[in-house]
There are 2 protein chains.
Amino acid sequence: MVTGILTDQPMELTVKEKCMEKGDHKDCLGVIMPVRDALDVINGKWKLPIIIAISRGHKRFRDIERNIPKITSKVLSKELKDLEAHKLVKRSVFDSQPVTVEYTLTPYAATLNPVIDALFAWGTQHRKTIFGSAEVAEMPVMQE
Amino acid sequence: MVTGILTDQPMELTVKEKCMEKGDHKDCLGVIMPVRDALDVINGKWKLPIIIAISRGHKRFRDIERNIPKITSKVLSKELKDLEAHKLVKRSVFDSQPVTVEYTLTPYAATLNPVIDALFAWGTQHRKTIFGSAEVAEMPVMQE
DNA sequence: GTTAGCAGTTACCAAAAGGATAGTGCTATA
DNA sequence: TATAGCACTATCCTTTTGGTAACTGCTAAC
């Protein structure tokens, strides 16, 4: 039977299994390194929130900025450049009057879907674990 | 039909659906915030690698240190304290000669399994996307 | 009796990330 | 004519993160 990486509960196709297939039964650096590759790309407080905001139809700079609590222009500008460099976001300039800029997700960004879903699920239950689920009213609000 | 958060491809039970259920059709801060809650806990280069190393049977301080490339005593020490504070790792001191210290995962850490699996899967394919899959030989090695 | 390992800590320092505030040139609206 | 919005950039500053090196007290092995 195949088991998960952190528990011995049965799973369908797991990290541990893939690791075993590579023949590395001891250290399994092969698990740590791909995880770190992923972390290198989505690292920091802002990249995933930005991707989520764009995915929800906020294409314009100020529109994205308004929809991510506490972010500043400077940080958003820098993170968008990073995301562009990683081919997750596309920046398009339209020669209208005045010029408009649109940020959209590349098809590659869609491959992050399972990661975001897993983090959303874990974050949701973690919040319930920390405060009781009743205290949703304490959630920070967007525009103060 | 229900669709994923980044694409319009069908999914079974998705972030978007949960979001819609909450009645937030516009901004869906409800997606960004749980993701940020999760990121606050697992953020940084080291926390997930440490959890993975412990999960693979490396319980002792030096043992963990040896199995995570480039980590230093100082950083490991600090990150272990953080993980303990977040109830993901348990530190046990045994009164042997000499005293031994063991780090183990709590049951709560096991709930991170889907997150780690998703990051592992994405990191693996991302690496293939960046270099060709043939260049596995270029992977950094553990002890130089 | 010297070396090596264990489980860290301390001090110092550099780099990266993030926050606050202001300002740019442009245009559309009141 | 003044205000506001857009898409940023610039400057300054603080906090966080990470890296180097040395050092602690202890014990076991050579």
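Numbers restart at 1 for each chain; the letters A, B, ... are given by sequence-line order, proteins then strands.
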**Report entry** 5' priority, DNA chain C, between B:Val99 and A:Asp82 [closest heavy atom]
**Finding:** B:Val99
Atom-to-atom span, [atom1] of [X] to [atom2] of [N] - whole angstrom:
{"X": "A:Leu83", "N": "C:dA17", "atom1": "CG", "atom2": "C1'", "result": "15 Å"}
{"X": "B:Lys59", "N": "C:dG8", "atom1": "NZ", "atom2": "P", "result": "15 Å"}
{"X": "B:Phe94", "N": "C:dC6", "atom1": "CZ", "atom2": "C1'", "result": "16 Å"}
{"X": "A:Glu65", "N": "D:dG5", "atom1": "CD", "atom2": "C1'", "result": "12 Å"}
{"X": "A:His58", "N": "D:dC6", "atom1": "NE2", "atom2": "P", "result": "13 Å"}
{"X": "A:Ile50", "N": "C:dG18", "atom1": "CD1", "atom2": "C1'", "result": "13 Å"}
{"X": "A:Leu76", "N": "D:dA7", "atom1": "CG", "atom2": "P", "result": "11 Å"}
{"X": "A:Glu102", "N": "D:dA7", "atom1": "CD", "atom2": "C1'", "result": "13 Å"}

Query raised in the report: What class does the angle between the rings of B:His126 and A:Tyr108 fall in, given that below 30° is parallel, 30 to 60° is tilted and above 60° is perpendicular?
Result: parallel
Think [X] has a side-chain N or O under 4.0 angstrom from the OP1 or OP2 of [N]?
{"X": "A:Tyr103", "N": "D:dC6", "answer": "no"}
{"X": "B:Lys78", "N": "D:dT17", "answer": "yes"}
{"X": "B:Arg60", "N": "C:dC6", "answer": "no"}
{"X": "B:Arg66", "N": "C:dC6", "answer": "yes"}
{"X": "B:Arg91", "N": "C:dG8", "answer": "yes"}

Below 3.5 Å is the cut-off: list the nitrogen or oxygen pairs between protein and nucleotides 9-11 of chain D, distance only.
unit_1: D:dT9; atom_1: OP2; unit_2: A:Ser77; atom_2: OG; d: 2.7
unit_1: D:dT9; atom_1: OP2; unit_2: A:Lys81; atom_2: NZ; d: 3.2

Query - NZ or CZ of A:Arg127 within 45° of A:Trp122 ring axis and under 6.0 Å - result: no
Query raised in the report: Do you know which two heavy atoms are closest between B:Gly44 and A:Asn43, and how far apart they sit?
Result: N-OD1, 3.8 Å
Does [Y] offer a backbone N or O that forms a donor-acceptor pair with the side chain of [X] under 3.5 Å?
{"X": "B:Ser77", "Y": "B:Ser73", "value": "no"}
{"X": "A:Thr106", "Y": "A:Lys87", "value": "yes"}
{"X": "B:Thr124", "Y": "A:Pro34", "value": "no"}

Report task. Using a heavy-atom cut-off of under 4.0 Å over every strand shown, decide if A:Gln97 touches base, sugar-phosphate, or nothing. Result -> sugar-phosphate
Query raised in the report: Any Lys/Arg nitrogen of A:Glu84 or A:Lys81 sitting under 4.0 Å from an Asp/Glu carboxylate oxygen of the other?
Result: no
Query raised in the report: Between B:Lys78 and B:Asp82, is the closest basic N to carboxylate O distance under 4.0 Å?
Result: yes
Query - Nearest-neighbour nucleotide for the B:Glu79 side chain, D:dG18, C:dA17, C:dA7 considered - result: D:dG18
Query - Residues in contact with DNA chain D, drawn from residues 36-46 of chain A - heavy-atom cutoff 4.0 Å - result: none
Query raised in the report: Got a sec, which residues hit side-chain hydrogen bond (donor to acceptor under 3.5 Å, both in side chains) with B:Lys45, two or more places apart in sequence or on another chain?
Result: none
Requested in this report: Please step through side-chain hydrogen bond (donor to acceptor under 3.5 Å, both in side chains) for the pair B:Thr104 and B:Arg91, ending with a clear verdict.
Outcome: CA-CA 7 Å; B:Thr104 48; B:Arg91 183 178 186 269; over 6 Å; no
